[in-house]
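Everything quoted here is computed from the prediction, not taken from an experiment. The sequence lines fix the lettering, A, B, ..., with proteins before strands; numbering per chain opens at 1.
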Amino acid sequence: MVENAKTTNPELIGKLDEKLGYLSDLRQAILVQDDRLVFELLARKKYQTQVLQQPGQSNDDLAEMVANLKPQLSHLLANKLIAYLSVAFPFFYYKEIDEGVYQIYFGNWWDRRSFGYLDVLDVKFVFDTTEYQKLTDSVALSKDNQRLNTEKITNLTKQNEHLQQLVDGQSQRDMQKGSLRAQIDEVTNARQGLFANGKLKEQRDELVAHLEELQIQDEEAKNARTQIIENNDQILFYSKEDTILSYEHKSIMEKFGDFEAFETAVAHLYTAYLATLIAKEEKGAFGDYE
Amino acid sequence: MSKQTNLPAGVLPSQSLTNYNNEIKQSLQAGFEFTELLSTVLQTTSPSELLQAIQGLMKLRLGSNQVQFPHQYSTADWFLLFTTRLLEINQVTDFSLASAPDHEELGVFLAGTGTKVRYQFSEATRSGAYFTEIESDKQLFYLDFAARKLTFNSKDIIDFFMVQPTTQILPAESDQVINVLLDFAAILAKNLEFEIDYSILETNNEYRYQTVSAELPSQILDKLFIASAPANVLMQPVESGFGARLVLTDELELRFLQSEDNRQLSKYWHFEVLDAQGKASLLNVLVNFPFIQRWYLENREVLEIQPAQPTMVADEVKVEVLQPRSI
């Protein structure tokens, strides 16, 4: 019966054997904690082309079988990977928010930013694009001794100075308004007289325009206090962001010397990590990072 | 028949002037007692004898219609004499007692502020008195004989060392003055078993300097974070609970956090000052780290350490009166 099936369906049996072999290899690799082999088994083509730099052959159809085990596999492989990363990128911290899902935090300072995710199975940082953009922008600006929010803070500060002047100028405006009203009355009365002429009307319009201008300023001054407080909150928010960005930039510089080196290291994380695993394997030392 | 005289009724000469004599006698007796007590104060090497004698001097009513002692020292002066004698007995020499040249009044200069400012006791009653800097009228501590307690006054201490505009006091000078005050407090505790409320001067690492606030505007911590960066101090979240820690030097750390203890009803924010030698107080931190001091003073209405004022004991009646806090 068995003999029959093998001869009648050699192709199918072969495929099943291949699947069994794959699962058995993966099982064994996990048992002996051979993370390198696990990575290879999960994405053979990537491993062969990028690590071995050979033409590769995809095993995606086999890897597909364990797709629903990804959370557990990720959790397992994260152990050594994060230990490695804590040396290679000492400023990143990770929090497992769900099985095998690792959120990245940048730094250990106050109100550090959540910076994206660590894709363990792909050995790749998936940075939050908005946050990463802010960092690259601030790095570019730092070449001119500028910070990301310098301009915004300057504008808000100027606005506050202007608002403060409006508030401070209230009593002076009140005096001016009084005097303008008196003058308007005077001109109005004169106009009603015999010698009313165009020049007086012109003068009156000018006085009224000036009065209206002061009244607009009064309106502005009324809301100034609230606006100043709101602006101060904004300034604080931007200053904090600048402070955080400067810490981020500083920690990258301390480890990598310049930002480009950091970007390169991020781009080559997979090959660098796998190379490390290979090197450990050759020394015959597994689990060094544990 | 008895001889009629036109003499008025009189007293027997032997019984005359007795009240007069007694009054003088009593006054002289009091005067004698006074000199005995004062001699003890000046000569004793026993702290408890000193305290007893000083309290005796305070109780003594000197002078009567018949015997006048025109030149007398005040209760405040007796407090100062007690303080300085106690330091002297314990071989502390960082002060200089000064006497007014033309009348009976004592003052003291302390190492650190030198002759810049002078200190005395004020609002003195037999129960207690405030140790006060004269120019600024800042009351640095309340010495309470009735409750045998010394209470430092955080609010006035901060005002005196950091806020007052007239006399600039350098950090090193503050440290020296504070050391003298702490020495005195330690001696009181050791020699006479006084209770000490160190408040902002507490150096115990475990101590929680409780602020007046249960709720903080969220920006307060952000402001400290922003201010810490230019000073090259990294502000971090605390490992457990909610709050911040700042490692100021290799051996000194400041923490500012919300009290977690659920058994306590109070959920006030508090400071902790941790140092390797257990010698630093919150005041040391404020004095020596300008960015923290600026931040503290700018947000004082929520960060003030409580109790901001010492607990006062009314004269003779032992009723605790809590001073209203300025908010």
Checking heavy atoms, do the side chain of A/Tyr247, its backbone, both or neither come under 4.5 Å from chain B? side chain

Nearest heavy-atom pair of B/Gly243 and A/Trp110: which atoms, and what distance? O-CZ3, 3.2 Å

Donor-acceptor pairs under 3.5 angstrom involving side-chain atoms of residues 122-130 of chain A: please list them, not counting sequence neighbours.
residue	atom	partner	partner atom	Å
A/Asp122	OD1	A/Lys46	NZ	3.2
A/Asp128	OD1	A/Thr130	N	3.1
A/Asp128	OD1	A/Glu131	N	3.2

Is it the case that over 12 heavy atoms from other parts of the model lie below 6.0 angstrom from the NE2 atom of A/His249? yes

Does NZ belonging to A/Lys70 count more than 12 external heavy atoms closer than 6.0 Å? no

Has A/Glu99 got more than 12 heavy atoms of other residues, nucleotides or ligands less than 6.0 Å from its CD? yes

Residues of residues 222-230 of chain B with any heavy atom under 4.5 Å of a heavy atom in chain A: B/Asp222, B/Lys223, B/Phe225, B/Ile226, B/Ser228, B/Ala229

Greater than 12 external heavy atoms within 6.0 Å of A/Asn68's CG: yes

Enclosure of A/Glu263 CD (heavy-atom neighbours >12, cutoff 6.0 Å): yes

Count the heavy atoms of every other residue, nucleotide or ligand shown that sit under 6.0 Å from CD of A/Glu260, and state whether that count exceeds 12. yes

